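Presented below is the structure to which this report refers.
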Amino acid sequence: TLVLCKRPKYEKEFSLIFENNVHIIFFEDNKDCEEKVFIYKNSLEDFLDITNRSFDKIKKFHSPKERAKDIFKFYKKRTL
């Protein structure tokens with residue numbers, strides 16, 4: 001899955017999770033979005049590159065196992 005997103009107001013904070021042109025594609029306006037869709041639609045290599053990096057990051061840091069670890073840490077702190 002290729003993720004296109006209107007450039008967030010707080011891009012610096014957002015980039016702690018996903019980096020522009022590495023894991024996600026930000027666009028400025030409708031014209032910019034259409035251009036980026038055209039680029040990735042016509043470049044299978046670039047499309048696969050960014051989608052694979054995104055998928056790998058999600059598997060590593062956003063899996064059910066990782067979420068369970070976060071929940072456990074949260075409740076462990078509350079019981080101490």
Side-chain angles (χ1 to χ4, degrees):
T1 301
L2 179 65
V3 179
L4 283 100
C5 177
K6 185 162 175 115
R7 187 173 302 279
K9 183 176 180 180
Y10 302 103
E11 184 176 349
K12 183 178 176 184
E13 290 83 355
F14 192 88
S15 69
L16 297 171
I17 303 169
F18 296 108
E19 297 174 60
N20 186 30
N21 297 321
V22 177
H23 308 105
I24 192 169
I25 306 299
F26 293 144
F27 60 87
E28 302 299 329
D29 53 31
N30 287 343
K31 183 179 183 212
D32 188 35
C33 181
E34 289 173 8
E35 290 171 0
K36 290 179 178 175
V37 167
F38 180 82
I39 291 167
Y40 285 96
K41 183 178 177 183
N42 292 294
S43 176
L44 182 59
E45 183 180 348
D46 290 338
F47 174 81
L48 292 174
D49 189 40
I50 195 166
T51 55
N52 286 332
R53 281 194 308 264
S54 299
F55 186 64
D56 290 343
K57 184 164 187 166
I58 288 170
K59 283 192 313 186
K60 185 174 181 180
F61 296 106
H62 303 283
S63 67
K65 181 179 179 180
E66 293 304 314
R67 295 288 68 84
K69 285 180 188 177
D70 291 341
I71 292 168
F72 181 74
K73 286 178 193 175
F74 173 79
Y75 282 106
K76 186 175 181 181
K77 287 179 187 177
R78 293 189 72 177
T79 60
L80 296 177

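Bear in mind the structure is a predicted one, so any value in this text is a computation, not a measurement.
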Considering residues, nucleotides and ligands other than Asn42, do more than 12 of their heavy atoms fall under 6.0 Å from its CG? yes
Around atom OH of Tyr10, are there more than 12 heavy atoms from other residues, nucleotides or ligands closer than 6.0 Å? no
Could you report the tightest heavy-atom contact between [X] and [Y], atom names first, then the distance?
| X | Y | answer |
| --- | --- | --- |
| Ile50 | Asn21 | CD1-C, 3.9 Å |
| Ser43 | Asp46 | OG-OD2, 3.0 Å |
| Phe27 | Asp29 | CD1-O, 3.4 Å |
| Ser54 | Val22 | OG-O, 4.5 Å |

Leu48 with Phe55, same ILVMFWY side-chain cluster at under 4.5 Å: no
Between Leu44 and Leu2, is there a shared hydrophobic cluster once you connect ILVMFWY residues whose side-chain heavy atoms come closer than 4.5 Å? yes
Using a 4.5 Å side-chain heavy-atom cut-off and chaining through intermediate ILVMFWY residues, the residues clustered with Phe61 come out as none
So which residues get pulled into Phe26's cluster when ILVMFWY side chains under 4.5 Å apart are joined, directly or through others?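 Members alongside Phe26: Val3, Phe14, Ile17, Phe18, Ile24, Ile58.
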With rounding to the nearest 0.5 Å, note down the distance linking NZ in Lys36 to CD in Glu28.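 Result: 6.5 Å between the selected atoms.
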Going from OG on Ser15 to CD on Glu11, what distance comes out if it is rounded to the nearest 0.5 angstrom?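 Output value for this atom pair is 6.5 Å.
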Could Glu66 and Lys69 be called an ion pair, given the rule that one side-chain N must be under 4.0 Å from one carboxylate O? yes
Test item: Asp56 and Arg53 side chains (from C-beta on) under 4.5 Å apart, heavy atoms: no
